[in-house]
Amino acid sequence: MLIRNETPADEAAIRAVNLAAFDTPAEADLVERLRGHTFPYLSLVAAKKGLIVGHVMFTPVRLPGHPRARILGLAPMAVLPDHQHCGVGSALIEEGLMQARTLGAGAVVVLGHPDYYSRFGFDPASQHAIDCEYVKSGEAPEGAFMIIELVPGHLNGMAGTVQYHAAFAEP
């Protein structure tokens, strides 16, 4: 399996992966809205024998009142159903976290399954006094919003509600 950065030629395959992995086209549409509209923008694919079988995206989030915060949001992450539980998602996340660190990110947040993301070092964001609008509105349980510090101490003195790119709020 090869994990690499997205290329323009991958766009249709990335859409197909997201459509296959989720019940609605919301995540596939989100990828298209974010592509080219955020910086830094990190989009990785997993390829097996030339077939794109997985995709993950990292885009900047804001922590109001903390302009020096360098936080990326991991979302979405998708793997073709017949390639799930084979290490594809893990490989995408591990490479993504490594590249996020290289890009200068101090932390990464994710809204996902705690049992899964804790394997990569994510902790409940509430332990850092950081939350997100989806938890505050009741759309997601508190334990599902998680964070990992890529630079030790990056989150010291920071607290508040993370704001995702406006594309996340679009239908």
Just how far is it from atom CD of Glu27 to atom CG of Leu19, taken to the nearest 0.5 Å? 9.5 Å

Minimal non-hydrogen separation, Pro81 against Ala20, with atom names: CG-O, 3.4 Å

Closest contact, heavy atoms only, Pro60 versus Pro40: CD-O, 3.0 Å

Can you check whether Glu11 reaches Glu6 side chain to side chain, under 4.5 Å on heavy atoms? yes

Answer whether the closest heavy-atom distance between the side chains of Glu94 and Ile3 falls below 4.5 Å. no

Single-linkage hydrophobic cluster Phe22~Val17, side-chain heavy atoms < 4.5 angstrom: no

Side chain proximity check, Met146 to Pro114, heavy atoms < 4.5 angstrom: yes

Check: Asp115 main-chain N/O paired with His113 side-chain donor or acceptor under 3.5 Å: no

Should the ring pair Tyr116 and Phe120 be called parallel, tilted or perpendicular, given that the plane angle runs from 0 to 90° and is split at 30 and 60? perpendicular

Within the distance-only criterion (no hydrogens, no angle test), does the side chain of His55 pair as donor or acceptor with the backbone N or O of Asn18 below 3.5 angstrom? no

Could you tell me the separation between the CG atom of Leu150 and the CZ atom of Arg70, rounded to the nearest 0.5 Å? 9.5 Å

Among residues at least two apart in sequence or on other chains, which ones pass ring-ring contact (aromatic ring centres under 6.0 Å, His included) with Tyr164? Tyr134, Phe168

Contact between Val108 and Ile147 at the side-chain level, heavy atoms closer than 4.5 Å - yes or no? no

Distance from Glu170 atom CD to Leu34 atom CG, nearest 0.5 Å? 9.0 Å

Between Leu92 and Gly54, the two heavy atoms sitting closest are CD1-C, 3.7 Å

Any side-chain heavy-atom pair of Pro76 and Val31 under 4.5 Å: yes

Are Met98 and Met1 connected into the same hydrophobic cluster when the rule is that any two of I, L, V, M, F, W, Y join if their side-chain heavy atoms are below 4.5 Å apart? no

Residues His83 and Cys86: closest non-hydrogen pair is O-CB, 3.5 Å

Using side-chain heavy atoms (C-beta onward) and a distance below 4.5 Å, is His66 in contact with Ile71? no

I'd like to know if the side chain of Gln163 and the backbone of Arg62 have a donor-acceptor N/O pair within less than 3.5 Å. no

Within the structure provided, determine whether Pro124 and Glu142 are in side-chain contact (heavy-atom separation under 4.5 Å). no

Are Arg35 and Ile14 close enough, and set up right, to give a side chain to side chain contact (heavy atoms under 4.5 Å, CB included), and what steps lead you there? CA-CA 11 Å; Arg35 188 179 281 126; Ile14 289 169; 3.9 Å; yes

How long is the straight-line distance from CG of Leu155 back to CD1 of Ile130, given to the nearest 0.5 Å? 4.5 Å

So, Glu95 side chain and Gln99 main chain: donor-acceptor pair closer than 3.5 Å or not? no

Looking at Ala46 and Val88, what are the two nearest heavy atoms and their distance? CB-CG1, 3.6 Å

Could you give the distance from CG (Asn5) to OH (Tyr41), rounded to the nearest 0.5 Å? 10.0 Å

Using every non-hydrogen atom in the two residues, find where Ala21 and Gln84 come nearest and quote the distance to one decimal. CB-NE2, 4.5 Å

Please lay out, stage by stage, how Ile52 and Arg4 fare under the test side chain to side chain contact (heavy atoms under 4.5 Å, CB included). CA-CA 10 Å; Ile52 303 298; Arg4 62 172 174 76; 3.6 Å; yes

When you look at Tyr117 and Ile93, which way does the side chain to side chain contact (heavy atoms under 4.5 Å, CB included) test go after all the steps? CA-CA 9 Å; Tyr117 287 100; Ile93 292 168; 3.5 Å; yes

Evaluate whether atom CG of Asp82 has more than 12 neighbouring non-hydrogen atoms of other residues, nucleotides or ligands under 6.0 angstrom away. yes

Glu133/Val162 under side chain to side chain contact (heavy atoms under 4.5 Å, CB included): CA gap, chis, key distance, verdict: CA-CA 7 Å; Glu133 56 204 285; Val162 164; over 6 Å; no

Side-chain touch Arg119/Ser90, heavy atoms, less than 4.5 angstrom: yes

Could you tell me whether Lys48 atom NZ has more than 12 heavy atoms of other residues or ligands within 6.0 Å of it? yes

